Engineer: 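Before anything else, here's the structure in question.
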Amino acid sequence: QEQMMHQFEAILDTTIAAQFTGYTKNKVSEGHLQRIQYKDSGGKIVAELLIPLIKGAERVKQKAKDKYKGRFDKVRDISRFSMVFNSIPLLLQILKELRAQGNKSDCFTWEEIENRFHEKQKTALGWRDVTMMFCYRFKEGGTHLCELQLQLDKYNVVRKEAHDFYDVIRQELPKLFGAKDAGEIEKAYHLIEDVMQNADQWKRKVTTPWLTQKTHGTPCDVWSWESA
C-alpha cells in the first residue's frame, strides 16, 4: 500500500505545484488513517490524499456476505485510497493526469472508471464521486486490485456527518431482507433516499449550485467523459 501511496503522491505533487505557487504539504497520521494535505499560499486546503488501513477481515467477510452472496472476489476495495478536492477543475485535472499515467505506467493500469457524479450513476443514498479501480504491479512480483475515489470536500463533510446513520442502514437492511440478493437491498436504499431528499435539512446540506446546472439538457452532464 505504501508503494501505491507514493505513486499517487507524486502525481498530486506535480499537478499542485503547477497550479499553486508557494503551496505547502503536510502529512498527518490519525491512527487508522494517513492524511497528506496540500494547502495554497493562503493556508487553504485545496487537496488531500487519504490512505486508510487495509480493510479488516471481518468487514471483508461481512461485505462479501451481505452484498455479493459470499463471493470474496467481488470485494475490490480491501486496499483503497481517496483524493479530496476543493474544486471541480482541480478534480478534473487530477483525473486527466491519473488516466494518462495509467496508460504509460509500469506499476498500475486502470481496470474500471465509474463516474458517479452523473445523475444515473450516483449511489442509492446520493453519494457522488469518481471511482477508479486499478491493478497494481508490485516490485516484488504479483498484482493487487485496488480502489481510488476522487471526491469533493463538501460531499466528504456531509458523508462524515451522516456516517453513523449510514452504518445503521448498511448493517440492518441485510438482516431485514435475509437471503435476498443485493438488488432488493439496493431498492430499499432508493426508498430511503427518496425520504431523505424530501427532508429540508438534508437538502440544504447537499444542494450546491453546480449540481443543478444543465449541460446539453442533462444534469451534471459536465461530468461526462467527453467533457472530462
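The basis for the numbers below is simple: all heavy atoms, side chains too, and nothing from hydrogens, waters or symmetry mates. All figures in this text were calculated on a predicted structure; none of them were measured in a lab.
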Engineer: In this structure, would Phe8 and Leu145 fall into the same cluster of hydrophobic residues linked by side-chain contacts under 4.5 Å?
Structural biologist: no
Engineer: Sequence neighbours left out, what passes salt bridge (Lys or Arg N to Asp or Glu O under 4.0 Å) with Glu147? Give chain and number order.
Structural biologist: none
Engineer: Should Leu90 and Val84 be regarded as members of a common hydrophobic cluster, given that ILVMFWY residues are connected when their side-chain heavy atoms come within less than 4.5 Å of each other, either directly or indirectly?
Structural biologist: no
Engineer: Is there a donor-acceptor contact under 3.5 Å linking the side chains of Glu97 and Gln101?
Structural biologist: no
Engineer: Calculate, to the nearest 0.5 Å, the distance between atoms SG and CD belonging to Cys135 and Glu112 respectively.
Structural biologist: 13.0 Å
Engineer: Please confirm whether the backbone N or O of Glu30 pairs with a side-chain atom of Arg35, one donor and one acceptor, at under 3.5 Å?
Structural biologist: no
Engineer: Under 4.5 Å between side-chain heavy atoms, hopping through other hydrophobics if needed: is there a path connecting Ile16 to Leu50?
Structural biologist: no
Engineer: Going from OG on Ser82 to CG on Asp129, what distance comes out if it is rounded to the nearest 0.5 angstrom?
Structural biologist: 8.0 Å
Engineer: Name all pairs fulfilling the salt bridge (Lys or Arg N to Asp or Glu O under 4.0 Å) condition that reach into residues 18-29, sequence neighbours left out, sorted by first residue then second.
Structural biologist: Glu9-Lys25, Glu9-Lys27, Asp13-Lys25
Engineer: Can you get from Leu33 to Val157 by hopping between Ile, Leu, Val, Met, Phe, Trp and Tyr side chains that sit under 4.5 Å apart?
Structural biologist: no
Engineer: To the closest 0.5 Å, what do you measure between CZ (Arg128) and CD (Gln149)?
Structural biologist: 15.0 Å
Engineer: Compute the ring centroids of Tyr38 and Phe85, then answer whether they are less than 6.0 Å apart.
Structural biologist: no
